[in-house]
Protein chains: 2
Amino acid sequence: MIFESTRSLSASLEDYLQAIFWTVAAKGAARAKDIARQLGVKASSVTGALQTLAEKKFVHYQPYEAITLTAEGFDEAARVAQRHFIVREFFVRVLGLDEAVADKEACRMEHCVGDDVAERLATLMEFVKAHPEMQSGVSQLLAERDHSDGMPASVRRGPVTVADLRSGQKAVIVAVRSGAALARRLVDMGLGRGALVEVEGVAPTGDPIRVKIRGYQLALRRTEAAAISVVGK
Amino acid sequence: MIFESTRSLSASLEDYLQAIFWTVAAKGAARAKDIARQLGVKASSVTGALQTLAEKKFVHYQPYEAITLTAEGFDEAARVAQRHFIVREFFVRVLGLDEAVADKEACRMEHCVGDDVAERLATLMEFVKAHPEMQSGVSQLLAERDHSDGMPASVRRGPVTVADLRSGQKAVIVAVRSGAALARRLVDMGLGRGALVEVEGVAPTGDPIRVKIRGYQLALRRTEAAAISVVGK
DNA sequence: TGACGAAGTTAGGCACGCCTAATAATATTA
DNA sequence: TAATATTATTAGGCGTGCCTAACTTCGTCA
Ligand SMILES: [Mn+2]
Ligand SMILES: [Mn+2]
Ligand SMILES: [Mn+2]
Ligand SMILES: [Mn+2]
């Protein structure tokens with residue numbers, strides 16, 4: 001699988017484990033029915049998942065009996081729940097996302113954030129808690145953006161241009177601002193949609209910017225570079 | 001699938017599309033061999049993916065011929081690459097992650113971040129760019145943490161306790177700090193590992209904290225609450 | 001006690017995404 | 001041009017994770 005996870009459980013099994021975790025916490029034990037309802041799957045899928053989790057020693061499972069977690073199951077579930085919590089809090093408190101949306105997104109992300117990222121997110125949140133101006137600053141920027149609705153996200157966000165790239169970075173051109181002879185000149189040189197640009201160097205003043213494209217090297221004025229929207233690598 | 005994605009392509013196909021995107025940008029067209037090498041899969045897997053992508057009109061594909069992207073394929077690939085870039089830049093510039101690690105993590109996350117999150121991350125980065133003191137502040141906090149290596153991550157991060165919860169939040173107890181008669185008293189009351197706590201209310205002064213557990217309600221002193229480590233929901 | 005309904009399991013099927021092995025097409029070289 | 005090497009495709013298999021349909025087990029209540 002290309003989407004390698006390094007973790008002991010698949011995204012799906014992590015969700016089963018979490019459902020069990022919260023149900024057991026609330027009621028002492030979980031029944032297949034509870035899990036099926038929470039996750040929106042059929043009972044037979046739950047049976048299958050329980051058999052796999054039991055094989056991996058994460059749950060105590062005997063057919064027809066109530067389900068509880070093993071010690072390892074509890075720890076693993078707590079780790080996933082912790083990631084869910086951290087990511088959701090980050091979305092809500094730093095990115096200003098709506099609670100419900102944040103929770104849904106977090107339930108997707110919890111399966112792919114690494115431990116290092118989770119830890120740093122938690123640290124960032126501590127920092128933000130101590131520096132509320134950061135949170136309000138971001139909210140304000142976001143609010144300004146929201147005035148220009150109707151525009152595509154890429155425009156609201158402000159496109160990245162060749163002028164924003166650091167030395168050594170590669171990018172693909174997605175658009176060249178038309179107007180002036182510039183666009184034509186660039187396209188004639190091979191600087192069209194889909195072409196790969198590599199920034200070779202930027203003068204100390206930031207102008208000109210030396211780029212390599214299709215084997216050729218050329219120097220772009222900063223204003224020219226800023227007219228070329230790219231997706232960075 | 002529980003891990004619902006709402007996007008038109010699976011994580012796997014998004015990676016194939018991106019491999020094609022960068023190869024085409026660099027060389028004008030892609031061959032199955034290039035893609036197989038980049039993604040670390042066998043050639044036959046590439047053929048399968050190409051057939052699927054061709055069905056979905058994302059690539060121009062004729063057996064044995066070089067591969068290029070359709071207009072939709074280019075747009076879709078650019079969107080994924082954009083998410084990869086944003087997430088990686090966030091990891092590097094805000095979270096201070098190592099470039100190589102950040103890139104790997106980003107290649108996993110690019111398939112699960114929603115558009116709203118990506119947009120807000122980009123905005124946050126703009127804010128941080130405009131306020132470099134924020135960035136160094138986070139780095140500093142992270143550096144302090146790194147001094148206390150050897151400790152488990154949960155300790156470095158500082159555990160969340162009942163005292164950190166807001167009114168209405170639920171959590172599962174993972175540990176009760178031992179010492180004093182407190183631990184025993186709490187455990188006797190049912191406040192042990194695995195139990196669900198719900199914060200009912202916090203006095204204006206922050207003390208006491210009213211919690212509900214196993215149907216019972218009780219009031220905890222702030223110092224008591226701070227001795228109970230939890231995983232929040 | 002026995003019948004009934006709810007809950008849980010098993011069997012079989014399907015889509016996805018990878019693999020290996022065999023085969024086919026294309027490129028390279030003698 | 002013919003032999004050979006490289007590249008690509010097909011066929012068939014496997015694991016995961018979901019489904020439906022049929023069946024079994026369990027608890028309840030007459
Ligand atoms: Mn989840
Ligand atoms: Mn979750
Ligand atoms: Mn990826
Ligand atoms: Mn990627």
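A note on names: the letters A, B, ... follow the listed sequences, proteins ahead of strands, and every chain is numbered from 1. Predicted model only: the values in this text are computed from it and were never measured. Quick note: numbers below take in every heavy atom, side chains included, and nothing from hydrogens, waters or symmetry partners.
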Whole-Å distance between [N] [atom2] and [X] [atom1]?
{"X": "B/Arg37", "N": "D/dT7", "atom1": "CZ", "atom2": "C1'", "value": "13 Å"}
{"X": "B/Asp34", "N": "D/dT7", "atom1": "CG", "atom2": "C1'", "value": "11 Å"}
{"X": "B/Leu50", "N": "D/dT9", "atom1": "CG", "atom2": "P", "value": "7 Å"}
{"X": "B/Tyr16", "N": "D/dA8", "atom1": "OH", "atom2": "C1'", "value": "14 Å"}
{"X": "A/Asp15", "N": "D/dG17", "atom1": "CG", "atom2": "P", "value": "11 Å"}

With sequence neighbours left out, what residues match [X] under side-chain hydrogen bond (donor to acceptor under 3.5 Å, both in side chains)?
{"X": "B/Ser45", "answer": "none"}
{"X": "A/Asp75", "answer": "B/Arg193"}
{"X": "A/Glu76", "answer": "A/Arg79"}
{"X": "A/Glu200", "answer": "A/Gln217"}

Using residues 32-40 of chain B as the side-chain source, report each donor-acceptor pair under 3.5 Å to any protein atom, sequence neighbours left out, with the distance given to one decimal.
from    : atom 1 : to      : atom 2 : distance (Å)
B/Asp34 : OD1    : B/Lys27 : NZ     : 3.4
B/Asp34 : OD2    : B/Arg31 : N      : 2.9
B/Gln38 : NE2    : B/Thr23 : OG1    : 2.6

Side chains of [X] and [Y]: closer than 4.5 Å at any heavy-atom pair?
{"X": "B/Lys170", "Y": "B/Val197", "answer": "no"}
{"X": "B/Ile228", "Y": "B/Thr161", "answer": "no"}
{"X": "A/Leu9", "Y": "A/Leu17", "answer": "yes"}

Could you pull out the protein-nucleic contacts involving nucleotides 1-7 of chain C (nitrogen or oxygen on both sides, under 3.5 Å)?
from  : atom 1 : to      : atom 2 : distance (Å)
C/dA7 : OP2    : A/Lys33 : NZ     : 3.1

* Presence of salt bridge, B/Arg108 and B/Glu105, under 4.0 angstrom ->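 Salt bridge between B/Glu105 and B/Arg108, a charged N being under 4.0 Å from a carboxylate O: yes.
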* To do: Name all pairs fulfilling the ring-ring contact (aromatic ring centres under 6.0 Å, His included) condition that reach into residues 66-107 of chain A, sequence neighbours left out, sorted by first residue then second.
  =>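 Listed once each, the pairs are A/Phe21-A/Phe74, A/Phe90-B/Phe90.
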* Nearest to side-chain heavy atoms of B/Thr47, which nucleotide of D/dG17, D/dC18, D/dT9 ->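 Closest of the options to the side chain of B/Thr47: D/dT9.
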* Side-chain donor-acceptor contact under 3.5 Å, B/Glu110 with B/Gln82 ->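 B/Gln82 and B/Glu110 do not have a side-chain donor-acceptor pair below 3.5 Å.
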* To do: Take the C1' atoms of the five end pairs on each side of the helix from C/dT1-D/dA30 to C/dA30-D/dT1, derive the two axes, and give their angle rounded to 10 degrees.
  =>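 So the angle between the two local helix axes works out to 10°.
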* To do: Give a yes/no answer on whether the side chain of A/Gln51 brings an N or O atom under 4.0 Å of OP1 or OP2 in C/dT9.
  =>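 It does not, given that no N or O in the side chain of A/Gln51 lies less than 4.0 Å from OP1 or OP2 of C/dT9.
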I'd like a list of close polar pairs between nucleotides 19-22 of chain C and the protein, N/O only, cut-off under 3.5 Å.
from   : atom 1 : to      : atom 2 : distance (Å)
C/dC19 : OP2    : B/Lys42 : N      : 3.0
C/dC19 : OP2    : B/Ser45 : OG     : 2.6
C/dT20 : O4     : B/Ser44 : OG     : 2.8

* Set of salt bridge (Lys or Arg N to Asp or Glu O under 4.0 Å) partners for B/Arg210, sequence neighbours left out ->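 Here no residue qualifies.
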* For DNA chain C, which residues in residues 55-63 of chain A have a heavy atom at a distance below 4.0 Å? ->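 Heavy-atom contacts with DNA chain C come from A/Tyr61, A/Pro63.
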* To do: Check every strand shown and say whether A/Ser10 touches a base, only sugar-phosphate, or nothing at a heavy-atom separation below 4.0 Å.
  =>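 Answer is sugar-phosphate: A/Ser10 comes under 4.0 Å of backbone atoms only.
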* Asked: Please, which pairs that meet side-chain hydrogen bond (donor to acceptor under 3.5 Å, both in side chains) have at least one residue in residues 48-57 of chain A, sequence neighbours excluded?
  ->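 Sorted result for residues 48-57 of chain A: empty, none.
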